[in-house]
A.B. asks: 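Below are the structure tokens for one structure; questions will follow.
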Amino acid sequence: MDRLKVKFIDRTFKNPVVVASGTYGYGKDYLDYYDPSLLGGICSKGITLHQKSGNKGIRICETPSGLLNSIGLENPGVSKFIDAYLKEMSAIDTVKIINVGGNTIDEYIKAMELLNDCELGLIELNISCPNVKEGGMAFGIKADSAAEVTSKVKKVSRHKIMVKLSPNAENIIDIAKACEDSGADALSLVNTFQAMAIDIVKKESVFENMYAGLSGPAIKPIALRMVNQVYKNVSIPIMGMGGITTWQDAVEFIMAGSSCIQIGTANFIDPMTPIKVIEGLKDYCLGNNIENISDLVGVI
Amino acid sequence: MAKVKDNVHVHDNIYLLSVEYNGICKMGQFFMLRCWELDPLLSRPISIFDYEDGELKFLYQVVGKGTEKLSRLVKGDEITLHGPYGNGFPYLEKCEITLAGGGIGIAPLFYAGRELNRINPNRKLNIFLGFREKSPLIDVFKEQFQNVIVDIGGVITDEIIYKKESVIYTCGPEVMMQKICEEGMNSGATVYASVEKRMACGVGACLGCTCKTVNGNKRTCKDGPVFLGDEIIYG
């Protein structure tokens with residue numbers, strides 16, 4: 001199993017397979033299928049300072065090879081998360097990554113202050129959610145606003161910060177560099193692509209929030225290209241994601257420059273996907289005489 | 001993977017799929033079904049129509065790409081089942097229970113009726129079914145149960161007797177269930193409504209199928225699909 005052990009910032013992951021925020025609740029929902037301690041890491045559902053009840057109306061809609069979602073960051077708020085869910089998550093022997101979103105910089109900072117009292121693996125700073133009306137992705141579109149929120153969060157948080165980038169950014173390389181220059185310890189990319197679907201009978205958007213976020217195999221080639229571009233322009237580690245469904249997809253993302261990878265939508269297709277990817281990576285390393293999966297990072 | 005035993009065209013766009021299964025499941029629960037690779041991306045949540053002697057049955061309506069693919073299954077084919085998921089209807093000792101269904105929503109009520117009779121053979125079941133047009137499923141229910149009242153093309157909810165001591169299990173179109181829940185609240189009857197929503201994960205992780213309730217948002221797949229009628233906020 002050591003062939004899959006990876007170092008990410010200063011954390012050791014037993015393997016590079018992490019489950020993505022918003023697809024895995026707070027770590028307990030797939031217990032009937034496997035022990036989540038087998039995973040390299042778990043990203044929590046996005047947490048905000050205040051409780052959010054999420055978006056109204058239809059929240060999911062399938063597209064060819066893709067999934068549109070408009071959940072709207074439904075979550076209990078950071079204090080209740082700490083009391084009700086973090087302890088449960090802590091019992092899982094894996095790296096716990098807490099995804100934190102916000103409408104304002106002040107909200108991010110207050111959430112970080114509350115999380116400073118907690119033991120956790122790292123923070124995934126969500127500046128890329130396309131499904132909330134204010135803030136959210138707005139911080140992840142322009143390099144200067146991404147830099148501002150990153151540097152302010154870095155000042156108050158005692159935890160390592162991995163900034164989750166939006167593929168909707170004006171320029172993914174500029175924004176990645178701006179986050180690195182502002183002190184980000186790592187980057188994860190990509191969040192969902194802003195997209196839409198129209199109900200042609202009602203003559204209106206399927207989603208009450210008008211636009212939604214596209215994930216799944218449909219976005220994989222674009223996500224892969226973005227990971228590779230970012231890898232070539234920053235020196236902090238990258239957690240790549242975007243439509244990873246098989247172990248072969250995971251190898252591609254690793255070769256493109258991801259030290260770890262995240263599996264999101266594929267959890268819905270087959271709950272065993274992360275375990276199958278771990279097994280596939282292990283066999284691939286054994287079969288190709290690769291001592292450690294990290295040797296493949298960024299070989300392209 | 002499970003093996004298909006049969007997949008019968010019942011009428012119109014309704015099919016009855018039978019698969020080999022030897023696990024446990026409760027009335028009102030559902031499985032996520034798929035017999036394809038990635039198109040469509042998600043599995044389809046289908047409730048249990050019946051389960052006996054290693055044979056699990058799903059009554060489903062072809063409404064899109066997924067159910068259309070299900071309808072093409074033939075005996076001997078393999079199908080992926082994830083589940084059973086959800087809380088299901090409660091196994092109540094109470095003797096008299098009303099089942100009220102409309103359209104394809106009648107599906108979980110068949111197994112509910114059979115299970116309720118199994119745990120208490122002396123029970124009195126009152127079954128109300130609403131259909132848009134005449135259906136062979138009416139006979140399927142009438143052969144199995146005694147008090148089956150059917151309405152074709154009308155409003156089944158007007159025929160139900162709502163009393164304080166009534167217990168009603170319902171599944172069907174939202175407008176029908178909303179009416180039953182309202183009548184239940186007005187009369188003091190206890191209503192258990194099986195809610196239908198688009199679903200992605202089926203295990204409570206994605207929050208794609210949230211149902212608005214007086215106790216906050218609930219996950220239809222995990223906390224439901226059966227909710228108390230006076231808990232659900234419609235509209």
Side-chain angles (χ1 to χ4, degrees), chain A residues 19-33 36 42-46 51-76 80 131 206 212 214-218 220 243 245-246 264-273, chain B residues 1 23-25 29 31-45 63-69 78-87 174 195-223 233-235:
Chain A
V19 284
S21 178
T23 67
Y24 212 81
Y26 304 110
K28 295 279 190 178
D29 293 321
Y30 294 89
L31 278 180
D32 286 347
Y33 287 94
I42 295 175
C43 277
S44 75
K45 168 73 185 159
Q51 176 268 345
K52 271 184 189 290
S53 49
N55 291 335
K56 291 181 193 156
I58 288 173
R59 288 182 167 193
I60 49 172
C61 175
E62 284 171 289
T63 63
S65 296
L67 179 65
L68 289 165
N69 88 77
S70 180
I71 309 295
L73 277 181
E74 178 177 340
N75 79 92
K80 191 166 176 206
N131 294 326
V206 166
L214 179 66
S215 64
K220 198 203 93 182
T245 306
T246 62
T265 304
N267 289 306
F268 308 153
I269 300 168
D270 176 0
M272 290 302 290
T273 302
Chain B
M1 296 291 265
I24 47 164
C25 54
Q29 287 189 307
F31 284 80
M32 298 293 278
L33 272 56
R34 68 188 299 134
C35 59
W36 52 83
E37 285 292 317
L38 292 175
D39 183 31
L41 205 65
L42 302 175
S43 306
R44 293 294 178 261
V63 290
K65 198 186 269 181
T67 43
E68 198 275 322
K69 285 191 172 174
E78 296 277 340
I79 180 168
T80 302
L81 300 183
H82 286 125
Y85 289 147
N87 57 356
E174 190 169 299
V195 171
E196 186 187 40
K197 293 272 181 188
R198 292 172 185 231
M199 286 179 189
C201 69
V203 298
C206 74
L207 310 183
C209 65
T210 305
C211 176
K212 212 172 165 192
T213 79
V214 293
N215 299 310
N217 284 349
K218 301 269 186 182
R219 301 164 299 177
T220 303
C221 68
K222 179 90 173 182
D223 306 316
I233 298 171
Y234 285 98

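So you know, we letter chains A, B, ... as the sequences are listed, proteins then strands, and number each from 1. It should be emphasised that the depicted structure is a prediction, and the values quoted were computed from it without experimental measurement.
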A.B. asks: Where do A:Ile60 and B:Arg198 come nearest, in terms of heavy atoms and distance?
C.D. replies: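 Heavy atoms only, the tightest pair is O-NH1, 3.0 Å.
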A.B. asks: Write down the atom of A:Arg59, the atom of B:Gly208, and the distance for their closest heavy-atom approach.
C.D. replies: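 Result for this residue pair: CB-O, 3.6 Å.
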A.B. asks: Walk me through whether A:Ile269 and B:Glu37 qualify under side chain to side chain contact (heavy atoms under 4.5 Å, CB included).
C.D. replies: CA-CA 9 Å; A:Ile269 300 168; B:Glu37 285 292 317; over 6 Å; no
A.B. asks: Determine the option with the most heavy-atom pairs under 4.5 angstrom with chain A, choosing from B:Leu38, B:Thr210, B:Thr80.
C.D. replies: B:Thr210
A.B. asks: Please report the interatomic distance SG(B:Cys206) to CD1(A:Ile71), rounded to the nearest 0.5 Å.
C.D. replies: 5.5 Å
A.B. asks: Within a reach of under 6.0 Å around NZ of A:Lys28, are more than 12 heavy atoms found that belong to other residues, nucleotides or ligands?
C.D. replies: yes
A.B. asks: Counting heavy-atom pairs under 4.5 Å with chain A, which one of B:Lys222, B:Lys65, B:Met32, B:Arg34 comes out on top?
C.D. replies: B:Arg34
A.B. asks: Please classify the contact between A:Tyr33 and chain B as side chain, backbone, both or neither, with a heavy-atom cut-off of under 4.5 Å.
C.D. replies: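 For A:Tyr33, the side chain is the part near chain B, not the backbone.
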A.B. asks: Measure the spacing between CG of B:Leu207 and CG of A:Asn55 and express it to the nearest 0.5 Å.
C.D. replies: 11.5 Å
A.B. asks: What distance separates A:Ile58 CD1 from B:Cys209 SG, expressed to the nearest 0.5 Å?
C.D. replies: 13.5 Å
A.B. asks: Of all the heavy-atom pairs spanning A:Phe268 and B:Cys201, show the shortest one and how long it is.
C.D. replies: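 The answer is CD2-CB, 3.4 Å.
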A.B. asks: Are any non-hydrogen side-chain atoms of B:Leu41 and A:Pro217 less than 4.5 angstrom apart?
C.D. replies: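 Yes - at least one pair of side-chain heavy atoms lies under 4.5 Å apart.
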A.B. asks: If you look at every heavy atom in B:Pro40 and A:Glu62, which pair is closest and at what distance?
C.D. replies: CB-OE2, 3.3 Å
A.B. asks: Could you look at A:Lys45 and say if it's the side chain, the backbone, both or neither that has a heavy atom under 4.5 Å from chain B?
C.D. replies: side chain
A.B. asks: To the nearest 0.5 angstrom, please state how far the CG atom of B:Asn217 sits from the NZ atom of A:Lys52.
C.D. replies: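 With rounding to 0.5 Å, CG (B:Asn217) is 13.0 Å from NZ (A:Lys52).
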A.B. asks: Is it the backbone or the side chain of B:Met199 that comes under 4.5 Å from a heavy atom of chain A, or both, or neither?
C.D. replies: backbone
A.B. asks: Is it the backbone or the side chain of A:Thr245 that comes under 4.5 Å from a heavy atom of chain B, or both, or neither?
C.D. replies: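 Side chain of A:Thr245 only, per the 4.5 Å heavy-atom cut-off to chain B.
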A.B. asks: Quick check on A:Thr23 against chain B: is it the side chain, the backbone, both or neither that has a heavy atom closer than 4.5 Å?
C.D. replies: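 It is the backbone, since no side chain atom gets that close.
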